[in-house]
Amino acid sequence: MNKKIKTEAVDHLFDAVLCLESREECYRFFEDLCTVNELLSLSQRFEVATMLKDHRTYLDIAEKTGASTATISRVNRSLNYGNDGYDMVFTRLPENRKSGADL
């Protein structure tokens, strides 16, 4: 875990996220918390990760998501050398959202 982000403020934010109970509550909270572009960037990275897990090509991912190759490479690095956060979430997601095949 990156010691730079382990702060009381980040703990407080994560506690807030963990208390959300529905997708609608997530929309309400994240729309207040983030700009539209920030939220779209986060969701784009997650879709890139999903597609990389499905062994999609950089070209296919870039075409489908609009992500730059730099973003795709950064996400790929996290998948391969990160803290396994993506994998943890992928194992917990319902089967129909684990695959980027529908993207």
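Treat the numbers as computed from the prediction; the structure is a model and nothing was measured.
- Between the side chain of N80 and the backbone N or O of N76, at least one donor-acceptor pair lies under 3.5 Å.
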* Asked: Can you list the steps and then say if Y86 with V75 is a side-chain contact (heavy atoms from CB on, under 4.5 Å)?
  -> CA-CA 10 Å; Y86 283 117; V75 171; 4.0 Å; yes
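- Note that SG of C19 and CZ of F29 are 7.5 Å apart. Values are rounded to the nearest 0.5 Å.
- Applying the salt bridge (charged side-chain N to carboxylate O under 4.0 Å, His left out) criterion to D60, with sequence neighbours excluded, gives R56, K64.
- No single ILVMFWY cluster, assembled from side-chain heavy atoms under 4.5 Å apart, contains both V48 and L39.
- E25 places a side-chain N or O within donor-acceptor distance of the main-chain N or O of E21, the cut-off being under 3.5 Å.
- Summarising the geometry of L79 relative to A49, their closest heavy-atom pair is CD1-O, 3.8 Å, with the distance given to 0.1 Å.
- At a threshold of 4.5 Å between side-chain heavy atoms, the hydrophobic network of Ile, Leu, Val, Met, Phe, Trp and Tyr places Y81 and I72 in two separate groups.
- In this structure, the side chain of T65 engages the main chain of I61 through a donor-acceptor pair within 3.5 Å.
- A donor-acceptor pair is defined here as one N or O able to donate and one able to accept, closer than 3.5 Å; no such pair exists between the side chain of S73 and the backbone of T69.
- Other residues, nucleotides and ligands contribute only 12 or fewer heavy atoms inside 6.0 Å of the OH atom of Y27.
- The main-chain N or O of T35 is found under 3.5 Å from a side-chain atom of E38 such that the two form a donor-acceptor pair.
- Across all their heavy atoms, L33 and L13 have their closest contact at CD2-CD1, 3.8 Å.
- L40 and M51 are not part of a single hydrophobic cluster, where members link through side-chain heavy atoms under 4.5 Å apart.
- From S68, atom OG reaches atom OH of Y58 across 10.5 Å, with rounding to the nearest 0.5 Å.
- A continuous path of Ile, Leu, Val, Met, Phe, Trp and Tyr side chains, each step under 4.5 Å between heavy atoms, connects V89 with L52, placing both in one hydrophobic cluster.
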